[in-house]
Amino acid sequence: MSASENQDSPGRARQNLIYRDGVLGRTPSVPTDFDTLERRAKRKMSAKGWAYVHGGAGLGRTMQANRDAFDKWQIVPRVLRDVSKRDIGVELFGRRIPAPVLLAPVGAAELARPEADVAIAAAAAELGVPYIFSNQGCAPMEESAAAMGDAPRWFQLYWSTDDDLVDSLLQRAENIRADAVVVTLDTTMLGWRPEDLNLGSLPFAQGQGIAQYTSDPVFRRIVHERIKAAAGKADVEVTLGAIRSLVSMTRRFPGRFLDNLRSPEPRAAVETFLDIYSRPSLSWADIETLRSRTSLPILLKGVLHPDDARRALDAGVDGIVVSNHGGRQVDGSVSSLDALVDIAPVVDGRLTLLLDSGIRTGADVFKALALGADAVTLGRPHLYGLALAGQAGARDATANVIAEFDLTMGLSGLTSVAEIDRDALRRA
């Protein structure tokens with residue numbers, strides 16, 4: 001083996017960078033293990049920010065189940081195989097990406113860091129991995145796309161009660177050259193989240209996380225109609241908290257702050273969003289209209305039951321994201337990884353299959369792929385990195401997971417993602 005062999009692999013390159021800095025007395029600003037990363041991020045974030053990003057539904061049992069599910073499986077490394085050259089890239093919807101990792105959409109990400117979505121987009125572009133723009137983003141999708149150049153980007157859709165708004169958001173996603181649209185199905189209403197509830201904290205009610213809406217012409221038209229219908233009505237209890245909320249809404253609304261402060265539009269925008277952002281009546285009949293609404297590949301996010309996977313196949317969508325929303329919606333839910341085990345044989349390679357929720361390490365990525373996923377999405381880790389060091393932090397937290405995945409694959413005796421299958425694992 002030559003001295004330079006395998007030096008350019010993501011794992012070795014990342015290790016070498018960190019160890020070289022160590023020689024100079026520098027340690028990573030973004031911890032390389034999840035527990036330390038999470039602990040430091042908590043110290044950095046506000047109480048409301050931490051509650052929103054970290055918190056789960058109910059007692060947090062689904063969050064714990066997501067982690068316990070990975071412990072049910074053990075990797076069985078093989079030795080004396082030439083793993084000096086490895087390829088961890090995958091192809092998704094005609095685009096070759098350097099690793100089977102995407103950055104998940106996270107609403108109201110400015111609670112972790114003010115620049116939020118644009119910084120995450122730029123971090124993803126540095127690594128060449130897709131970022132799924134959140135429908136509940138803190139920056140218009142056009143601004144995030146501008147930060148990415150030609151790097152891959154997807155768009156997450158929350159299906160509004162207003163179909164014209166749905167069509168407008170889909171058209172904007174096509175205009176920014178998104179590679180796919182991910183329709184989130186499991187948030188037709190908010191789950192019971194005690195960490196937020198105990199603080200009375202809903203970021204959207206402060207104008208945080210609604211930039212996709214306030215930048216949309218259809219939404220603005222709906223807001224103007226609401227203002228006109230409510231002319232002369234005043235129903236606000238004036239408290240210090242209400243004044244702070246109004247200032248928060250005003251700061252986040254497009255335009256000059258002083259003009260917005262005198263305008264009813266910022267408050268009306270928040271009220272309109274809260275009324276129409278989600279649609280509890282969403283059904284398979286609605287999903288079947290998507291082909292006429294967009295030319296983009298369509299993925300359904302939040303599928304956990306094999307029968308729903310079969311319905312997705314029948315509906316002709318292009319992919320499924322097996323997800324329990326990071327444990328934020330239903331307490332006591334099946335873990336995403338356990339659901340993947342049941343869904344993968346149903347799908348049987350006929351559509352793209354992603355795993356979301358609970359991914360913390362490169363070894364987790366390996367296990368998810370071995371159990372049938374084509375790629376995974378990374379949520380809290382990149383948000384915690386963002387909280388610690390902005391764009392560089394989101395990049396480094398993601399790069400660490402990719403580096404560990406590369407090393408795990410090689411140390412398991414495999415040289416490409418295509419070789420990772422159930423034979424690489426055994427039940428604990």
### Query
Heavy-atom distance under 4.5 Å between the side chains of Pro100 and Val365, does that happen here?
yes

Can you give the donor-acceptor pairs under 3.5 Å from side chains of residues 371-388 to other protein atoms, not counting sequence neighbours?
| from | atom 1 | to | atom 2 | distance (Å) |
| --- | --- | --- | --- | --- |
| Asp374 | OD2 | Leu353 | N | 2.8 |
| Thr377 | OG1 | Asp356 | OD1 | 2.6 |
| Arg380 | NE | Val53 | O | 2.9 |
| Arg380 | NH1 | Gly326 | O | 3.1 |
| Arg380 | NH2 | Gly55 | O | 3.3 |
| Arg380 | NH2 | Gly326 | O | 3.2 |
| His382 | ND1 | Leu378 | O | 2.8 |
| His382 | ND1 | Gly379 | O | 3.1 |
| Tyr384 | OH | Glu38 | OE2 | 3.1 |

**Residues Glu419, Met409; criterion side-chain contact (heavy atoms from CB on, under 4.5 Å); working and verdict** = CA-CA 9 Å; Glu419 295 176 357; Met409 188 177 79; over 6 Å; no

Between Pro254 and Arg220, the two heavy atoms sitting closest are CG-NH1, 3.9 Å

Inset, instruction - Check whether more than 12 heavy atoms from other residues, nucleotides or ligands sit under 6.0 Å from atom CZ of Arg96, and answer yes or no. - result: yes

Check your understanding: Less than 4.5 Å apart, any side-chain heavy atom of Leu169 and any of Phe219?
Key -> no

(Q) Tell me if the CG atom of Leu80 is crowded by more than 12 foreign heavy atoms within 6.0 Å. (A) no

CD (Gln391) and CD (Glu115) are apart, to the nearest 0.5 Å, by 8.5 Å

Atom CZ of Arg78: over 12 foreign heavy atoms under 6.0 Å: no

- Are Arg427 and Gln74 linked by a side-chain donor-acceptor pair shorter than 3.5 Å? no

### Query
Are the side chains of Trp284 and Asp308 in touch, meaning some heavy atoms are under 4.5 Å apart?
yes

*Return yes if a side-chain donor-acceptor contact under 3.5 Å exists between Thr289 and Arg293, otherwise no.*
yes

query = If we only count heavy atoms from C-beta on, is the Val417 to Asp87 side-chain gap below 4.5 Å?
reply = no

Close side-chain approach of Leu199 and Trp50, heavy atoms under 4.5 Å: no

Please answer whether the main-chain N or O of Gly149 pairs with a side-chain N or O of Arg153 as donor and acceptor at a distance below 3.5 Å.
yes

Interatomic distance, CD@Gln64 vs CZ@Arg67, rounded to 0.5 Å, equals 8.5 Å

Check: So, Asp396 and Arg14, do they make that salt bridge, N to O below 4.0 Å?
Finding: yes

For Val322 and Ala339, the nearest pair of non-hydrogen atoms, with its separation, is CG1-CB, 3.8 Å

Next item on the list: If the plane angle is over 60° it's perpendicular, under 30° parallel, otherwise tilted; pick one for Phe273 and Tyr277.
Entry: parallel

Heavy-atom nearest pair, Pro152 first then Gly128, reads CG-O, 3.7 Å

When rounded to the nearest 0.5 Å, the distance separating CG of Leu290 from CG of Leu299 is 11.0 Å

Shortest non-hydrogen pair, Val83 vs Gly413, comes out as CG1-C, 3.6 Å

One should read off an interatomic distance between Thr415 OG1 and Ile420 CD1, to the nearest 0.5 angstrom, of 9.5 Å

Checking Ser160 side chain against Ile276 main chain: does a donor-acceptor pair fall under 3.5 Å? yes

- Message: Before you tell me yes or no, could you show the steps for Ile210 and Val270 under side-chain contact (heavy atoms from CB on, under 4.5 Å), namely the whole-Å CA-CA distance, both residues' side-chain angles and the distance that decides it to 0.1 Å?
- Response: CA-CA 8 Å; Ile210 67 170; Val270 168; 4.0 Å; yes

field: Gln329 side chain vs Gly191 backbone, donor-acceptor pair below 3.5 Å
entry: yes

Exercise for the section: Verify, without hydrogens or angle tests, whether Thr188 (side chain) and Arg279 (backbone) share a donor-acceptor contact under 3.5 angstrom. Expected result: no

dist Leu300:CG -> Asp186:CG (nearest 0.5 Å) comes out at 11.0 Å

Heavy-atom closest pair (Ala309 atom, Val346 atom, distance to 0.1 Å) is CB-CG1, 4.2 Å

Open item on the list: Given 3.5 Å as the limit, does a donor-acceptor pair link the side chain of Asp196 with the main chain of Leu202, or not?
Closed with: no

Worked check of side-chain contact (heavy atoms from CB on, under 4.5 Å) between His325 and Ser333: CA-CA 10 Å; His325 215 88; Ser333 165; over 6 Å; no

In short, ring-ring contact (aromatic ring centres under 6.0 Å, His included) pairs touching residues 407-428 with sequence neighbours left out are none

Any side-chain heavy-atom pair of Ile132 and Lys301 under 4.5 Å:
no

Report yes or no: does Asn66 contribute a side-chain atom to a donor-acceptor pair with the main-chain N or O of Ser336 at less than 3.5 Å? yes

In this structure, CD1 of Ile176 is separated from CZ of Phe155 (nearest 0.5 Å) by 7.5 Å

Closest non-hydrogen atoms of Thr184 and Gln156, given as atom of the first, atom of the second and distance, are OG1-NE2, 2.9 Å

Flag the pair Asp318 and Arg291 as a salt bridge only when some basic side-chain nitrogen lies within less than 4.0 angstrom of an acidic carboxylate oxygen.
-> yes

> Where the side chain of Asn324 meets the backbone of Val334, is there a donor-acceptor pair that is under 3.5 Å apart?
Replying inline: yes

- Do Asp364 side-chain atoms and Thr361 backbone N/O form a donor-acceptor pair below 3.5 Å? yes

query = Yes or no on side-chain contact (heavy atoms from CB on, under 4.5 Å) for Met148 and Phe133, after CA distance, side-chain angles and deciding distance?
reply = CA-CA 11 Å; Met148 297 192 77; Phe133 297 164; 3.7 Å; yes

Next on the checklist: Would you say that Thr352 contacts Phe93 through its side chain, given a criterion of any heavy-atom pair below 4.5 Å between the two side chains?
Outcome noted: yes

- State, with a plain yes or no, whether a side-chain heavy atom of Val341 is found less than 4.5 Å away from one of Arg422. yes

Task: Gln171 and Asn175: CA distance, side-chain angles, deciding distance, side chain to side chain donor-acceptor pair (under 3.5 Å) verdict - done: CA-CA 6 Å; Gln171 184 58 57; Asn175 292 345; 2.9 Å; yes

Assess, by modelled atom type and distance only, whether the side chains of Tyr213 and Gln136 contain a donor and an acceptor separated by less than 3.5 Å. yes

Fill in: Under 3.5 Å donor-acceptor, Ser144 side chain and Ala121 backbone
no

### Query
Any luck finding a side-chain donor-acceptor pair between Asn400 and Glu404 under 3.5 Å?
no

### Query
CG of Asp150: more than 12 outside heavy atoms within 6.0 angstrom?
no

| Main-chain N/O of Asp164 paired with Ser168 side-chain donor or acceptor, under 3.5 Å | no

